Amino acid sequence: MEKVIHRNSISRILLFGIAFLFLFSMPLKAQEAAPAADPAKGKELFNSLCASCHKRYKKMTGPALFGVTDRHSTEWLYSWIKNSAAMVASGDPEAVAIYEEYNKTAMNSFPQLSNGDIDNILAYVMEPKKEAPADKPGGVAPVGGEASGSGVSNNIILGALALVFFMLVVILYLVNNTLRKFAEANGIQVDTEDKTTPIWKAFVQNQFLVLVTAIFLLLSSGYFVYGYLMQVGVDQGYMPVQPIHFSHKIHAGANKIECKYCHSSARVSKTSGIPSLNVCMNCHKSIQEYNGEVTDEYSKEFYDGEIAKLYKAVGWDITTQGYNGKTEPVKWVRIHNLPDFAYFNHSQHVSVAGIACQKCHGPVEEMEIMYQNAPLTMGWCINCHRETNVKVEGNEYYEKIHEQLSKKYGVDKLTAAQMGGLECGKCHY
C-alpha cells in the first residue's frame, strides 16, 4: 500500500512539473512568434513624424538616427520617444546630456506610438546606407554610340545629296554635249548669240512695273519695320539664368506649394514681391537634400548644390544647425517688368478680382525655369478686360455700380471693360 501511494505521489509530482513547464514555456513561444519589426511601416512613420528634425545618416535639428540602438537601450528609447520632457525632468543622465547638447531644445513627445511602432521606426533607421551603384564599364558608351551613329547618318545623307548633285551636273553636261554633236552631225547651225533684251533692262524700261514694285517694297518694308519696332520692350519668352536655380515645377507642381505662400504681398500690395530667403528656410532648414525626380540635365547633385547656395547666402551651418552670421545677397534677375507709365495692382486682380496667377504668368507649376509667358502689352491687357467678367459675389464695393450698369447695358454680368476698364486714366496717370 505504501508503494502504491509513493508511486501516485511521484506521478502527481511529474504531472505538476510537466504542466508547470508547459505554462512557463507559453510566453517564451509567444515571444518567439512575435512579428518582426517592419521597416516599410517604420519609413511611413519616420517621414510623417520624424523627418522634420532627423535624418538617418546626417545630423540635422536632431542627431542622426542610424546606430541609435547601439547608443541607447530599446527600453530607454521607448520612454524617450513617448515623453522626453519627463525623462529630462527626472534627471536621467542620457536624456539630460542630449538636452544640453542640442541647446536645451526639447524633443516632441509621441505618446500615441506603441512599442511596436517604435520598433518599426528603429528597424527603418538602422538599415545600412545603400551606396550609389558604380557606373558599369562602358556604361557611357551607348550615349556616345548614339551620338556618333547620328553623326555618321547625317554624313551619309550629306554625301548622298552631294553625289546626286554631282550626277545632275554630269548628266546636264552630257546632254548638252550630245545635243551639240547631234546638231553638228546633221548640219544644224547653233546660234550662240543671245539677241533677246536682258530682263533687268526690260524691267527698267517698263515704268509702270517699276512704280508698282517700288510701292510694294515700301509698303512691305514699312510693315516689317513697324512690326519689329512694336516688339521693342516686349519680353515674352524671356528666361534669364538666376543666381540660385529655383524650380517652380518642383515647388508649385510636385509639392503643390501655393503661390501666395512665397509671394504673400500679391494679396495686399501693388507688387507680388520677392520672397525673402527666410521663407525658403522655413522648409529648407529641414530639407537638406533633394529626393525627387531627376533628369539627365538636372541631377540630384545639381539640386543639392543649389540648396548649398541657399545655405551659403543665409549663413546656415548644417553641422551646427545654426546661423553663423555670414550672409550674402542673392541678386535675383527680374523677369516681369511693366513700363513705369503703366499702373498695375496685384491685390486688385488677385484679391478683388480673384484672378488666378496662371492667367498672366502661365503654367508656372510646369516650369523648371521661370519665363515670361504673356506679352504683357496694352492690347493683351485690353482684350482680357473685354473678356473677363467682374466678380461681384461677396464684394460690396461693386454691388451698387454693378446694378446700375447691368440695367444700362441690359446684361446680367459685366466685363471689366464695361465697368471702365478701357479708360486711359485707369492704367495711365
Side-chain angles (χ1 to χ4, degrees), residues 230-240 242 246-253 255-276 279-280 332-406 408-409 411-429:
M230 287 301 294
Q231 294 302 312
V232 174
V234 178
D235 296 324
Q236 186 176 16
Y238 178 49
M239 185 189 295
Q242 301 291 354
F246 181 90
S247 172
H248 280 79
K249 181 179 180 181
I250 294 175
H251 293 81
N255 293 310
K256 301 187 183 303
I257 299 176
E258 215 264 332
C259 297
K260 291 182 283 293
Y261 174 77
C262 300
H263 301 282
S264 57
S265 59
R267 293 173 290 190
V268 295
S269 172
K270 176 183 174 182
T271 62
S272 61
I274 300 175
S276 67
V279 176
C280 304
W332 300 107
V333 181
R334 184 168 184 170
I335 300 175
H336 304 85
N337 191 13
L338 292 179
D340 292 340
F341 56 77
Y343 176 81
F344 179 84
N345 191 311
H346 269 84
S347 63
Q348 186 177 0
H349 290 77
V350 174
S351 298
V352 179
I355 302 296
C357 302
Q358 288 80 355
K359 180 75 173 179
C360 300
H361 295 288
V364 293
E365 68 279 1
E366 301 174 4
M367 297 182 186
E368 180 66 35
I369 301 178
M370 187 67 184
Y371 61 89
Q372 182 174 319
N373 179 74
L376 302 182
T377 59
M378 186 175 73
W380 181 81
C381 294
I382 287 176
N383 287 336
C384 184
H385 283 186
R386 287 172 175 165
E387 298 169 358
T388 306
N389 291 323
V390 176
K391 181 182 177 182
V392 297
E393 294 81 6
N395 194 332
E396 298 178 357
Y397 178 81
Y398 285 110
E399 284 184 357
K400 185 176 180 180
I401 189 172
H402 183 272
E403 181 181 354
Q404 295 174 350
L405 291 177
S406 296
K408 176 181 177 180
Y409 293 112
V411 294
D412 294 330
K413 293 185 178 181
L414 292 172
T415 63
Q418 290 172 325
M419 295 189 68
L422 299 186
E423 296 177 7
C424 302
K426 288 291 194 294
C427 302
H428 304 288
Y429 54 92

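Everything numeric here is computed off the predicted structure, so don't read it as measured data.
- Remark: Asp235 CG to Asn337 CG distance equals 8.0 Å, nearest 0.5 Å.
- The nearest pair of heavy atoms linking Val333 to Pro240 is CG1-CB, 3.6 Å.
- Rounding to the nearest 0.5 Å gives a distance of 10.5 Å between CG of Leu414 and NZ of Lys408.
- A distance of 5.5 Å separates CE of Met378 from NE2 of His428, quoted to the nearest 0.5 Å.
- Nearest approach of Pro363 to Asn373, heavy atoms of both residues: CD-OD1, 4.2 Å.
- In this structure, Gln236 contributes its side chain and Gln372 its backbone to no donor-acceptor pair below 3.5 Å.
- The line from SG of Cys357 to CD of Glu258 is 7.0 Å long, rounded to the nearest 0.5 Å.
- Annotation: side chain of His349 is not in contact with side chain of Cys360 (no heavy-atom distance under 4.5 Å).
- Atom NE2 of His361 sits about 12.5 Å away from atom OH of Tyr371, to the nearest 0.5 Å.
- Separating the NE2 atom in His336 from the CE atom in Met370 is a distance of 4.5 Å, to the nearest 0.5 Å.
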Considering only distance and modelled atom types, tabulate donor-acceptor pairs under 3.5 Å from the side chains of residues 266-276, sequence neighbours left out.
| unit_1 | atom_1 | unit_2 | atom_2 | d |
| --- | --- | --- | --- | --- |
| Arg267 | NE | Ser264 | O | 3.4 |
| Ser269 | OG | Thr271 | N | 3.4 |

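- Heavy-atom minimum distance, Val352 versus Gln348: CB-O, 3.2 Å.
- More than 12 heavy-atom neighbours from other residues, nucleotides or ligands sit within 6.0 angstrom of CE on Met239.
- In terms of heavy atoms, Leu405 sits closest to Gln418 at CD1-O, 3.8 Å.
- Considering all non-hydrogen atoms of both residues, Thr388 and Ile355 come closest at CG2-CD1, 4.1 Å.
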*Might you work through the side-chain contact (heavy atoms from CB on, under 4.5 Å) test for Thr415 and Glu387, ending with a clear yes or no?*
CA-CA 6 Å; Thr415 63; Glu387 298 169 358; over 6 Å; no

